Amino acid sequence: MDKRSTLKDAMSHVRDAMTIAIGGFGGAGFPEELVAELESRGCKDLVIVSNNASRFEQLINSGAVSRIICSFPFGGASVTLRKSIEDAGVELQLMPQGTLAECLRAAGAGLGGVLTRVGLGTSFAKDRQVVNVDGTDYLLEPPLTVDLAFVHAEQADRWGNLSMRGTARNFNLVMAMAAETAIAQVNHVVEVGQIFPDRCDVPGIFVDSVVQCSNVGNSKED
Amino acid sequence: MDKRSTLKDAMSHVRDAMTIAIGGFGGAGFPEELVAELESRGCKDLVIVSNNASRFEQLINSGAVSRIICSFPFGGASVTLRKSIEDAGVELQLMPQGTLAECLRAAGAGLGGVLTRVGLGTSFAKDRQVVNVDGTDYLLEPPLTVDLAFVHAEQADRWGNLSMRGTARNFNLVMAMAAETAIAQVNHVVEVGQIFPDRCDVPGIFVDSVVQCSNVGNSKED
Amino acid sequence: MAWTRNEIAARIASDIPSGWVVNIGVGIPTLVPEFIPDEREVLFQSENGILGMVALGAQDYPDPELVDAGKRPIAVRPGGCFFESSLSFAMIRGGRIDLGVVGALQISRAGDIANWSTDEKMIGGIGGAADVCSGVRNLWVAMLHTTDVGGHKLLEKCSYPLTAEGVVDRVYSDLAVLERNRDEWHVISCAPGVTVAQVRHVTGFPIEVEGR
Amino acid sequence: MAWTRNEIAARIASDIPSGWVVNIGVGIPTLVPEFIPDEREVLFQSENGILGMVALGAQDYPDPELVDAGKRPIAVRPGGCFFESSLSFAMIRGGRIDLGVVGALQISRAGDIANWSTDEKMIGGIGGAADVCSGVRNLWVAMLHTTDVGGHKLLEKCSYPLTAEGVVDRVYSDLAVLERNRDEWHVISCAPGVTVAQVRHVTGFPIEVEGR
């Protein structure tokens, strides 16, 4: 069982019109080399699922993206990104950040959706089924399954076990869980057994390909 | 913020008729000293939530328990426990193990319940609401909130951060999450900062009292 | 004389009890932590996956893998911990966060908050705001009392898209600290030289007479 | 001549491809791991929170914090990992486990399985059986073909409480290996000296004629 892969081989999973979840929160835990490779592939009609959208400006400008599902596409100052999204006719689908995380988890956990009070009485409740449980109303948010997940980790072994540092975990676990195929960009590939069994943030069962970063140590500023 | 407590003080939270979730899977991660103290308190009408029931025979025989919510009360050979449960008129409520875990998590995560296909078409679907999501039926299992959780950890600090070993994590996280008040029995209390921030299995935010074990190193056989 | 942004933050900080876990939003709320005295144990949670966040020290090297919800480099204090997004929002939605301090565009009499978009097309970013505003045990809003042109932000009903319904407990503005009990609001204190009458004048819903 | 329990386990082991993740239940399934050749990388998951479970070595000291779903002491192989219950069942329910090998009391023509209780009062323990049987990608049942007194266990309909509906892919009995495709079953192989006719005789639903 050896999930190590070249960048090109791993990215051969990508097809037009796929839904791709991309981990990271700002630069922390963001798989930038996978995204750079995606940019070079000339795809069409991609649906991007990510917490933010600011790192996908080039992808959007190239016409590769038809929809973005995210919680915080850009801050108020991001005039060019907003214009890019409008010019490219990209559909922007906002979800509260916790609902986004939980819907990805639900997809990965084989659950039928998420019952949450977040968004009740707001525009986020539009088109949502309301389920009453013991007298309390909840929005039913459907599970969010994705074709591919691009995630990032500090360490991986060839079985796909991943270990992260700091706030880099963020969406990477739930996205790997929700994905048909998960590709991990990692800073270091270690021997099987070197990731301590109590310290594995994403069990290899959720990971399909491990790609060693070429740029370990480069700064990743937002 | 100092959550360290004596056994007696921590257990002063216990009242008759409370619902108490007790972590552990067999002996792994089982808070045996908290349970021993519970046995000595002469409670009535307790509802016990735990994966197994075999460690509660004394509590059942003393008449303290009115209901047990669990997945696997006893193996086929546990004739005396079965008799104890029947003699004491204890109501046995079985849940599939994964549903039990997820309903506890849902309670802790502020969700309205769990939509699962596990149990569909079986006796576990009895009295359950069925919710259809995009053409597929799911059972709606309500969240399982508990008054108290008794959990076990290898290490804790005075803020209640917990760290476990091996398969001792099991239900301890979701039970602490689901509880109004969570009491942790721990082998070792360490200084704040000694639990590595990447290696904290239960963030202290879910834990109210930390009780140092008196019997560290004793064998715990099932 | 109206309170400055720093004075608003300091006032909020002085009201946070020891032992509370606090999630802070962007704007004035980001100033709050620096006014917490060192001896008071207040833990800051950031929804991207950290409990025990502290400001980066002058000598600290910024770690690209260690940021707050505003993507600014931070550090973790001893006793802090990291976690993934679904557990982070389980804490928030599950009512484990004692306090959220957020900014706002509009607040309604019923405690509704609009703090992420001015526009029904929902352009802008909601981020974790809906989860935080809905989930925390206490929600305090730090804001200027009126718009740049003097319009009301405390209103009978919000006109902007809501972040959450009926959740605001207190407003800390440049003019006053107000507290809500169902549909009734009263003034806890006014900025120096500001009268309750002046606060009423710039508030779009009634403020109860003190002592009632 | 019927297969022994060990022979059933060995046959199952020989059918598990390298790279699969397998959850094994109590009874005959517990014998399967010892028949996996060392060079084949098969990972065993146990629902109490371990991936990469291996038998305790003769020199290993049993760790009370390290047990399998049957509460027996075990060890973890290099590359294994531990996790809490909700993530464990997320793996199972989410279809990440390639194979479940379980025992059974009854199997129906439609692939229903009853393997935890003989009694509508639901006395007994379901444990993780419902989750495993519903969630795994492939469900193989290891069982004796008939009851102690020769009664059918492979039936048109189960009479015992179901564990899960329509999930069984294969049955490995002491007499034969059977595979299900919707409501149709066929024999993959018979134990030495056992004929398909003999298997039909002790099976409560039709078995397809080979080659159809």
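Since we're looking at a predicted model, the values are computed, not measured. Sequence lines set the chain letters: A, B, ... in the order given, protein chains first and strands last, and positions in each chain run from 1.
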Checklist line | NZ/NE/NH1/NH2 to OD/OE distance under 4.0 Å, D15(C) and R170(C) | finding: yes
Checklist line | Lys/Arg N to Asp/Glu carboxylate O, D16(B) vs K44(B), below 4.0 Å | finding: no
Checklist line | chain B contact via I92(C) - side chain, backbone, both or neither, heavy atoms under 4.5 Å | finding: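 When you check distances to chain B, no heavy atom of I92(C) falls under 4.5 Å.
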Margin query: At a 4.5 Å cut-off on heavy atoms, which part of S86(C) comes close to chain B: side chain, backbone, both, or neither?
Written below: both
Notebook entry, point to check: Taking it one step at a time, do M177(B) and L173(B) satisfy side-chain contact (heavy atoms from CB on, under 4.5 Å)?
Noted result: CA-CA 6 Å; M177(B) 288 172 71; L173(B) 171 64; 3.8 Å; yes
Notebook entry, point to check: What part of R199(B) gets closer than 4.5 Å to chain C, counting heavy atoms only: side chain, backbone, both or neither?
Noted result: neither
Taking [options] one by one, which has the highest count of heavy-atom pairs under 4.5 Å against chain B?
options	value
G80(C), G52(C), G94(C), G95(C)	G94(C)
V76(C), L43(C), I50(C)	L43(C)
S134(C), G135(C), G79(C), G19(C)	G79(C)

Margin query: Using a 3.5 Å distance criterion without hydrogens, assess whether the side chain of R40(C) forms a donor-acceptor pair with backbone atoms of S18(C).
Written below: no
Notebook entry, point to check: Is the backbone of D98(C) close enough, under 3.5 Å, to the side chain of N138(C) for a donor and an acceptor to pair up by distance?
Noted result: yes
Note to self: Once rounded to the nearest 0.5 Å, what's the spacing between atom SG of C133(C) and atom CD1 of I113(C)?
What the structure shows: 4.0 Å
Check: Among D157(B), N161(B), I195(B), which has the most heavy-atom pairs under 4.5 Å with chain C?
Finding: N161(B)
